[in-house]
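Some notes on the structure that comes next.
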Protein chains: 2
Amino acid sequence: MNLKDLAKALELSQTTVSRALNGYPEVNEDTRKRVETMARKLGYAPNQQARRLATGRSMSIGHVIPRTLHEMMNPIFMEFIAGAGEAYSRLGYDMIISVVEDRQVEATYREIAAKKKADAVMVHGPRNNDKRHLLLKELGIPFLVHGRVPGAESSTSWIDVNNTRAFERATDLLLDLGHRRIAFLNGLENMDFAIRRRAGFERAFQNRGLAPDPSLMRQSEMTEPYGADCALEMLRTDKPPTAFLVSSMISAIGVSRAISLCGLEIGKDVSVITHDDALSFLPNSGEVPIFTCTRSSVRYAGRRAAELLIEKILPDPDTRIEEHLEAELIIGRSTGPRQR
Amino acid sequence: MNLKDLAKALELSQTTVSRALNGYPEVNEDTRKRVETMARKLGYAPNQQARRLATGRSMSIGHVIPRTLHEMMNPIFMEFIAGAGEAYSRLGYDMIISVVEDRQVEATYREIAAKKKADAVMVHGPRNNDKRHLLLKELGIPFLVHGRVPGAESSTSWIDVNNTRAFERATDLLLDLGHRRIAFLNGLENMDFAIRRRAGFERAFQNRGLAPDPSLMRQSEMTEPYGADCALEMLRTDKPPTAFLVSSMISAIGVSRAISLCGLEIGKDVSVITHDDALSFLPNSGEVPIFTCTRSSVRYAGRRAAELLIEKILPDPDTRIEEHLEAELIIGRSTGPRQR
DNA sequence: TTGAAAGCGGTACCAC
DNA sequence: GTGGTACCGCTTTCAA
């Protein structure tokens with residue numbers, strides 16, 4: 001069942017049928033009705049490939065995910081992707097995901113441009129010295145960055161959590177509770193988000209004329225053992241931290257395991273604040289969440305990003321979007337006043 | 001730069017150029033060389049949409065992910081997807097992911113069929129009373145199931161871990177270590193994989209003329225708090241379990257947290273075996289892994305599934321694939337002989 | 001071994 | 001308001 005068949009069945013021209021289906025204004029309302037009814041009856045659906053070829057738009061958005069980035073941020077990606085996916089299907093777009101070796105990223109983007117595989121792309125996990133935005137501009141592919149490319153904040157479109165502010169507020173809370181020896185388990189500090197979080201952490205200290213202890217600041221991929229190992233090591237020193245600020249729930253779980261292993265109680269002997277991306281398989285909600293956290297739903301970010309890309313950037317590729325998502329600071333059971 | 005331009009530059013017909021580029025045998029080798037050189041030089045890449053329209057193949061594989069399934073299995077999906085993605089890009093296919101409301105699944109498949117959006121689809125997370133395979137057969141979309149559809153094992157193509165055997169072996173190990181009160185924290189038992197794991201657990205008992213304690217058997221979505229809450233509750237009874245068999249690393253981390261909270265030591269006072277999907281952000285490796293586990297890489301499963309779908313099923317949609325992946329039973333630090 | 005031309009299934013411009 | 005028709009860029013049949 002294609003357009004020609006449908007037109008024949010209706011004794012109309014393809015042109016009219018196409019116009020009726022695509023909501024062109026010049027079609028007679030009765031005709032449109034007839035066309036729509038018949039289309040439904042015969043189960044007609046326009047062939048995607050044909051439409052794409054004719055319009056020159058692929059009606060899909062590309063997500064090129066470098067392997068190493070994926071390794072690190074797997075669960076966060078998936079949640080973002082899920083959010084974006086909702087918006088895409090609502091707006092009639094397809095999502096194309098390519099997980100590729102890091103050195104293949106450029107080739108993949110070039111291929112997307114050359115073969116017209118996607119109308120726009122989403123850029124994930126910007127880091128220091130990230131060059132992807134330059135390539136995409138050269139290739140003329142519209143894009144939106146989830147996060148910010150250091151140094152290109154004002155020349156690219158982006159949507160990002162206010163990481164600096166979130167971590168400053170979290171640190172402030174710990175300082176207000178009397179904590180001074182605060183451990184900071186950050187993500188890898190070649191990632192933009194980690195750099196910003198660190199800046200927030202340090203700023204909170206500076207604002208009070210204090211300084212964080214560098215020996216309590218770590219950076220790594222945010223796995224569970226990372227949290228546990230760091231915490232164990234720190235808690236076993238002479239001058240253990242009384243609080244932890246952790247960049248991810250997964251590592252925070254590790255920290256909490258370490259605290260238990262040391263025979264200490266979380267929220268009492270040791271305070272913990274974590275960033276909570278609101279991942280579905282790591283719920284931290286309920287009336288009083290387990291972890292005090294800075295929370296920002298990655299899934300929402302995905303949905304919003306997809307909308308912005310399709311509704312703002314695609315219609316006018318020169319628009320620049322800057323959208324801040326504020327993280328909430330939510331008090332849970334893992335924080336309390338300094339004891340020792 | 002399209003085929004016509006390239007042909008013109010070469011002073012050849014589109015036909016010949018197309019044939020040269022697509023490896024048809026009748027082309028003169030010298031001509032082919034010339035064409036390839038020029039194509040590279042001019043940066044020619046065939047327009048995907050046009051090729052798709054002409055061949056009638058979309059060169060993409062669909063993944064329709066019902067929202068509720070996604071919520072539950074998010075990290076596992078992503079790892080599978082990453083594996084599949086590798087294979088897809090190697091084989092020149094695109095991956096289309098649609099995250100949709102559960103009630104939209106059927107409509108989404110119908111749309112894929114009607115609009116020819118994908119040449120085949122991957123079916124994820126089969127459960128009891130799953131009807132997707134029937135729909136796909138009706139629509140004539142080739143597919144491969146990751147897991148098995150209960151009752152359709154011998155009429156559909158699938159790739160699956162040998163869950164029953166893996167959990168039987170794990171249970172055997174615990175029984176050999178003297179454990180009798182073994183808690184079993186399963187995934188939701190409307191999922192096929194969970195049903196099979198439970199069967200393995202029970203069979204190990206039966207083989208020795210024993211029976212598991214039903215009050216120690218639970219099922220739920222495999223979150224961290226699920227593991228922690230169940231374990232806490234069980235460990236605080238008069239007759240606590242001496243071992244836990246857990247369906248996911250994430251819940252196992254919860255169990256381990258609970259064990260610490262009770263002042264007990266994992267691997268000594270209480271043994272734990274978990275299934276380890278080898279997720280990148282939850283490493284459980286090293287010389288002696290933290291958790292004793294049944295391990296099977298979901299990422300590998302994804303890669304293999306994609307290969308099978310494209311290389312076996314697409315060329316001949318009537319082939320039936322049945323592929324078992326064996327899980328390894330790996331001894332870590334979380335198991336030991338019964339103490340009490 | 002190469003080329004001309006007819007599709008593939010739509011969209012959109014130009015007449016009527 | 002409706003229809004004729006020339007594309008979109010590639011594949012493939014048929015002829016040479």
Side-chain angles (χ1 to χ4, degrees), chain A residues 1-36 38-39 42-60 92-94 111-119 314, chain B residues 1-36 38-39 42-60 92-94 111-119 314:
Chain A
M1 172 78 337
N2 58 24
L3 189 61
K4 194 193 269 178
D5 299 338
L6 180 59
K8 205 169 295 173
L10 284 158
E11 298 190 308
L12 282 171
S13 71
Q14 286 191 37
T15 317
T16 305
V17 176
S18 169
R19 280 196 282 236
L21 259 19
N22 291 303
Y24 281 61
E26 64 264 38
V27 179
N28 181 316
E29 261 319 303
D30 294 346
T31 313
R32 190 195 305 283
K33 287 260 163 50
R34 258 185 70 217
V35 172
E36 277 169 354
M38 183 65 85
L42 299 183
Y44 167 80
N47 178 306
Q48 201 83 315
Q49 331 302 342
R51 159 179 272 165
R52 285 170 174 176
L53 176 56
T55 58
R57 290 176 304 148
S58 70
M59 294 301 283
S60 37
Y93 276 72
D94 280 337
E111 193 187 350
I112 287 177
K115 298 192 178 171
K116 306 247 160 57
K117 280 179 149 189
D119 298 330
L314 272 187
Chain B
M1 173 79 336
N2 58 24
L3 189 61
K4 193 193 270 179
D5 299 338
L6 179 59
K8 204 168 297 170
L10 283 159
E11 298 191 308
L12 281 171
S13 72
Q14 287 190 36
T15 318
T16 304
V17 176
S18 168
R19 279 195 283 235
L21 258 20
N22 290 303
Y24 281 61
E26 64 266 37
V27 178
N28 182 316
E29 261 319 305
D30 294 345
T31 313
R32 190 194 306 283
K33 288 259 163 51
R34 257 187 71 217
V35 171
E36 277 169 355
M38 183 66 84
L42 299 183
Y44 167 79
N47 179 306
Q48 201 83 312
Q49 332 299 345
R51 158 179 273 165
R52 286 170 174 175
L53 176 56
T55 57
R57 290 176 304 149
S58 69
M59 295 300 284
S60 38
Y93 275 72
D94 279 338
E111 193 188 350
I112 287 177
K115 298 192 179 171
K116 306 245 162 57
K117 280 179 151 190
D119 298 329
L314 272 187

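Each chain gets a letter, A, B and so on, in the order its sequence line appears, and its residues count up from 1. As the structure is a computational prediction, the values presented were derived from the model and not from experiment.
Taking only distance into account, the side chain of A:R32 never meets the base of D:dG1 through a donor-acceptor pair shorter than 3.5 Å.
With rounding to the nearest 0.5 angstrom, the CE atom of A:M38 is 16.0 Å from the NZ atom of A:K33.
Contact annotation: A:N2 side-chain N/O to C:dC8 OP1/OP2 distance is not under 4.0 Å. Remark: B:Y44 is in phosphate contact with D:dC10, judged by side-chain N or O atoms under 4.0 Å from OP1 or OP2. Between A:T16 and the phosphate of D:dG3, there is a side-chain N or O to OP1/OP2 separation shorter than 4.0 Å. Residue B:N47 places no side-chain N or O under 4.0 Å from the OP1 or OP2 atom of D:dC8. Phosphate contact (OP1/OP2 of C:dT2, side-chain N/O of B:T31, threshold under 4.0 Å): present. Taking side-chain N and O atoms only, B:T15 has no distance below 4.0 Å to OP1 or OP2 of C:dA4. At D:dT12, one or more side-chain N or O atoms of B:Y24 fall inside 4.0 Å of OP1 or OP2 (strictly under the cut-off).
What separates CD of B:Q48 from C1' of C:dC8 is a distance of 16 Å, to the nearest Å. Following rounding to the nearest Å, A:N28 (CG) and D:dT2 (P) show an atom-to-atom distance of 5 Å. Distance NZ (B:K4) to P (D:dC7): 8 Å, rounded to an integer number of Å. Atom CZ in A:R19 sits about 16 Å away from atom P in C:dG10, given to the nearest Å. Whole-Å rounding puts the B:Q49 CD to D:dC7 C1' distance at 16 Å. Here the P atom of nucleotide D:dC10 and the NZ atom of A:K115 are 11 Å apart, to the nearest Å. If you take CG of A:L3 and C1' of C:dA12, they are 13 Å apart, rounded to a whole angstrom. Between the CG atom of A:L21 and the P atom of D:dT2 there is a distance of 14 Å, given to the nearest Å.
Residues meeting the side chain to side chain contact (heavy atoms under 4.5 Å, CB included) test with B:A113, sequence neighbours left out: B:L139, B:I141. The side chain to side chain donor-acceptor pair (under 3.5 Å) search around B:E29 returns B:R32, not counting sequence neighbours. Under the salt bridge (Lys or Arg N to Asp or Glu O under 4.0 Å) criterion, A:K115 pairs with A:E111, sequence neighbours left out. For B:D119, the side chain to side chain contact (heavy atoms under 4.5 Å, CB included) partners at least two apart in sequence or on another chain are B:R57, B:S58, B:Y93, B:L314. Under the salt bridge (Lys or Arg N to Asp or Glu O under 4.0 Å) criterion, B:R51 pairs with no residue, sequence neighbours left out. With sequence neighbours left out, the salt bridge (Lys or Arg N to Asp or Glu O under 4.0 Å) criterion links B:R19 to B:E26. Remark: B:T31 pairs with B:L12, B:T16, B:V27, B:N28, B:V35 by the side chain to side chain contact (heavy atoms under 4.5 Å, CB included) rule, at least two apart or across chains. Here A:D94 pairs with A:R52, B:K117 under the salt bridge (Lys or Arg N to Asp or Glu O under 4.0 Å) rule; sequence neighbours left out.
Residues B:V17 and B:Y44 have side chains not in contact (no heavy-atom distance under 4.5 Å, counting atoms from C-beta outward). Within the 4.5 Å cutoff, the side chain of A:L21 has heavy atoms near those of the A:L6 side chain. Side-chain contact between B:N2 and B:N47 is absent, with no heavy atoms from C-beta onward closer than 4.5 Å.
Applying a 4.0 Å cut-off to non-hydrogen atoms, the residues of residues 52-59 of chain B that approach DNA chain C are B:L53, B:A54, listed by residue number. Shown for residues 5-14 of chain A: residues whose heavy atoms fall under 4.0 angstrom of DNA chain D, namely A:L12, A:S13.
DNA chain C is contacted by both B:A50 and A:R51; B:A50 maps to the nucleotide lying nearer its 5′ end (nearest heavy atom per residue). Mapping B:E26 and B:A45 onto DNA chain D by nearest heavy atom places B:A45 at the nucleotide closer to the 5' end.
End-to-end axis angle of the helix from C:dT1-D:dA16 to C:dC16-D:dG1, using five pairs per end and rounding to 10°, comes to 40°.
Counting all heavy atoms, side chain and backbone alike, B:M1 lies closest to B:L42 at SD-CB, 3.5 Å.
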